[in-house]
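Below, chain A is the first sequence line, B the second, and so on; all start at residue 1.
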Amino acid sequence: MEIIQKYNLPKQLFLQFPWLNESSKVLFDDLNISEEKMGSISLIEMVQFLFKEYDELLERIKQFFRNIIQSKEEFSTPTGDVIHLAMYPVLQIIISVSGNRILGNALTNTYAKHCQLELSKYNAKKDFPNKILQNIFSNLGISCTVDEHIFKNGIKYPFQMDFPSYLRVSTKIRNDSWKLINRYFESGKIYLIRHDVVLLLREFVRQKTLPDYRQINKELSSQMEKIPEITDILDEISKMMATHKKRFESSIFSEGETIGSELFPPCIKAILYRVIHGENLSHNERLAIAFFYLNTNHSVEETVDIFRTSPDFDEKIARYQTEFAAGSGKGKKYSMYNCVKLKSYHICRDDDPNFGDKLCRDGAKKRNGEIVPIQNPAKDFIFWKKVELNRLHRSQIVDQLESSDESEITKKKEEDSK
Amino acid sequence: MVRHIQFPSNKYLVRHLITTAPRHSYHSATYYERPGAETMDQKGYISCDFVVDIDADHIPTSCRHNHDYAICKACGAMFQGEKPLKCSECESTKFDKISWICDECLDVSKKQVFNLVENFLLKEFSIPLEDINLYFSGHRGYHVHLKTKEFLDLDQDARREISDYVTGEGFSFKIWDYRKIQNNMMGFSIEDPGWAGKIAKELYNILIQGEPRIIEVFEKPIYGKKLNAVLINNLISNRQYLINQISNKRKIWQVAGLSDKTWIRIFEILRDRIKADIDVVVSIDLHRLIRLEGSLHGKTGFKVMKIKYEDLKDFDPLKDALSFPDNQENTLDIEITAPISPKIRIGSTNYGPYNKGEKLKLPLNTALFLLCKDVAKLK
């Protein structure tokens, strides 16, 4: 097995995981391009060169987009060869040029899931020891060391990750067991088992593979679009997206990044904001948003529409589950989670600086000064938000009246002085 | 309020402060590519200090019942302590507040800083002491700034996790094996890392201090409902058994009469004693404004100042953060305008309480404090 000495990782791993740092060197080695020449090649030249060198590249990229547009987040083409490696930068460029966040998130999900699947295979075969994982983390600049002799309460915890690295991704897996407070945490390190580490790596890959939409400027973008293969791919993407219009042009989000009605509570606004960007939601987040919609006079169709931008959207499943939650047929309609439950699921965003709302945080104030806590986002919140907006509206009218009074008084004064 | 100002150097900042003399001065804890841009989107976020705010205002203290007042805006009736729902004289719901400070509330903040730094930042997060920057806020508390690369790059979710950790939020009893097994209540071991171990140690420390301490802790919890007297007695009568179990690192804490729910309440009371009582919103905010070091706090006239951690024990805000030398000769004539001006120690002298209309000649720092507190005017 050929080993890339600098990272002590087998070459095969670079071919499988093109998101590894320095994987481009493996690609350039295959293309017989020296390190000095690497720096002098422009992005345009590189893309043209890759299409010229690898005949199969165009078809593989098209297949990749066919899959993700149909919500199949998996590779149906070989994943351990140099063409797989060459696909990665081209995919990144195409998605950056398209500027489509939903496609971008689908790409990150595909690479993240692929990594998890492959490393789980290694786990079963025991081909790759824990040290390999340590070296992968090291390649990504993450401090995660291995000590095979650490046991806690009789369980072996071979991995130790520093807390800033851990927090970068553990917070994206919304589950109590990933909270720092529920982990073995000592001297700035979190003690982990292999299964944990594979899941964390999956999240790191999700972050690492997220296209940088700002990197491709307008000029570069228009040059890229002149490359025949890129034009061909972009055309095909447009056609495919047109056949899946509902996913890419969800009725709720037609106005850019509008995140819902002003009556929506912060927890719901935060979930909508994430789903509009094609981010994966946790199970409880999906239920919370569906229950909220169904309990605020939205139809099943409107509720299903929310999930269309979700990377793993499957209309059949989404519709079945939404209808079930809506109590279609003889079933019972599910009511909205209350605030206590939302807090326990870490969905509550009452003090979030972007979405937070004083009403959720401090409760509503009655006329007699009594404070009423918000207990349910679909009932109390909407009711009190309406009250709050009404009060605001009235105070604005009073202000307007007062200011018009003031202007009249000043007018009269001016007239008198004349 | 003037915001979004950028200064090319300290010289320009100082000149601005001299010419405008703002009552409060803040700087952003965030680093931007274009800090002077008008909107947040245009500023270009780079990174943000991790700031912890510890303020007696957020911590329940008994002294506020002695020195805080609410004055009814409609009829002028005065109420000591917390603001009532409505005025008992005229039923109005609008009040002016007089929020005061004293040695007790300043000490509570200081203790929480020690708790945060010793038990969390140094011990568990392993942050070197030299990376911990400590400031007196100029009023009732302290700010801890962590400016190292690893903190600067944390996103909001990660900051919330750290805040949750130091405040004990989200601790899962289930994940930490707290459960009933064949009628045996499983507790925690003092050898457990993190919060499970902290809870076991805190319970042990309370139990070994004897009955009066147990009653004090569970009858007057910092937050929430007290424990029923019968349940406290149950705990007392099983005190020795629990001490033995915990000291022998046994996890079975079976006590007849204490249900799962009672144990969880006991753990919550213990958690509130262990946690660092911080203002979580400040720590998770990526666009926070923080008081400018070296400026004067507009509600006290005290200096916002950096303190070395080793000097914190002896730091006396009512003496060491005064803006002017503690000179009894240098005085100012003022008149009390509020219905009451509670007692305050400035330097080593106690002043007040004063009543409305009193005309006084007071040393500069004291006069400044009363003026900043809006209870007096210049005569």
Side-chain angles (χ1 to χ4, degrees), chain A residues 141-143 150 152-155 157 160 162-191 203 207 214 257 270 274 343-346 348-356 358 361-362 365-372, chain B residues 40 50 83-87 91-95 121-128 148-177 189 191-198 251 271 279-282 284-288:
Chain A
I142 298 152
S143 162
I150 294 180
K152 305 268 176 199
N153 275 344
I155 299 167
Y157 285 85
Q160 298 88 49
D162 68 2
F163 76 89
S165 300
Y166 175 81
L167 292 178
R168 258 174 65 192
V169 288
S170 66
T171 52
K172 312 299 173 235
I173 315 169
R174 287 170 200 275
N175 184 307
D176 268 354
S177 64
W178 290 93
K179 282 190 76 64
L180 186 59
I181 198 167
N182 294 321
R183 287 276 154 181
Y184 280 112
F185 174 51
E186 278 175 330
S187 308
K189 304 262 181 216
I190 291 99
Y191 292 80
E203 294 308 312
Q207 282 185 359
R214 295 167 305 174
E257 290 192 358
R274 291 181 50 228
K343 273 202 171 90
S344 74
Y345 290 150
H346 306 290
C348 173
R349 286 284 174 273
D350 60 348
D351 56 3
D352 186 297
N354 297 321
F355 300 103
K358 210 167 166 272
R361 231 170 21 240
D362 305 339
K365 197 174 179 183
K366 282 188 175 176
R367 278 194 188 284
N368 63 6
E370 192 190 332
I371 302 291
V372 188
Chain B
M40 300 313 273
F50 186 83
K83 187 180 79 168
L85 279 178
K86 57 184 171 186
C87 174
E91 305 226 322
S92 165
T93 55
K94 297 195 171 149
F95 297 90
L121 300 185
L122 295 177
K123 199 172 162 192
E124 295 193 312
F125 287 86
S126 278
I127 296 162
T148 50
K149 177 96 177 81
E150 56 200 359
F151 280 98
L152 287 177
D153 293 342
L154 293 175
D155 67 8
Q156 203 175 24
D157 288 336
R159 286 164 199 255
R160 181 183 284 276
E161 274 299 299
I162 295 175
S163 304
D164 280 356
Y165 190 87
V166 301
T167 54
E169 263 314 300
F171 180 83
S172 165
F173 293 102
K174 195 175 146 199
I175 292 167
W176 283 102
D177 273 353
S189 162
E191 285 194 325
D192 282 339
W195 272 86
K198 281 176 192 289
K251 286 193 172 189
R271 177 199 62 193
D279 184 352
V280 174
V281 181
V282 174
I284 63 171
D285 192 348
L286 294 178
H287 303 285
R288 197 77 188 175

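The candidate with the highest count of non-hydrogen atom pairs below 4.5 Å against chain A, out of B:R160, B:R159, B:E191, B:E124, is B:E124. Among B:E169, B:K94, B:H287, B:R288, the residue with the largest count of heavy-atom pairs under 4.5 Å with chain A is B:E169.
Here the straight-line distance linking atom CD of B:E150 with atom CZ of A:F163 works out to 5.0 Å at 0.5 Å rounding. Within the model, atoms CG of A:L167 and CZ of B:F151 stand 9.0 Å from one another, a figure rounded to the nearest 0.5 Å. How far CG of A:L180 is from CZ of B:F171: 12.5 Å, rounded to the nearest 0.5 Å. Here B:D285 contributes atom CG and A:D351 contributes atom CG; the two are 10.0 Å apart, rounded to the nearest 0.5 Å.
Only the side chain of A:K172 comes within contact range of chain B, with heavy atoms under 4.5 Å apart. Interface residue B:L154: only side-chain heavy atoms are found under 4.5 Å from chain A.
For the pair B:E161 and A:W178, the tightest heavy-atom approach, listed with the atom from each and the gap, is OE1-O, 4.5 Å. Of all non-hydrogen atoms in A:G188 and B:S126, the two that sit nearest each other are N-OG, 3.8 Å. Considering all non-hydrogen atoms of both residues, B:P193 and A:F185 come closest at CB-O, 4.4 Å.
Here the side chain of A:D176 pairs no donor or acceptor atom with the backbone of B:G170 at under 3.5 angstrom.
With sequence neighbours excluded, the residues forming a side chain to side chain donor-acceptor pair (under 3.5 Å) with A:E186 are A:K152, listed by chain and number. Listed by chain and number, the residues in a side-chain contact (heavy atoms from CB on, under 4.5 Å) with A:I155 are A:Y157, A:I193 (sequence neighbours excluded).
B:D164 has its side chain out of reach of A:I181: every pair of non-hydrogen atoms, C-beta onward, lies at least 4.5 Å apart. Residues A:D352 and B:Q156 have side chains in contact (heavy-atom distance under 4.5 Å, counting atoms from C-beta outward).
Summarising the local packing, CD of B:E91 is surrounded by 12 or fewer heavy atoms from other residues, nucleotides or ligands at distances under 6.0 Å.
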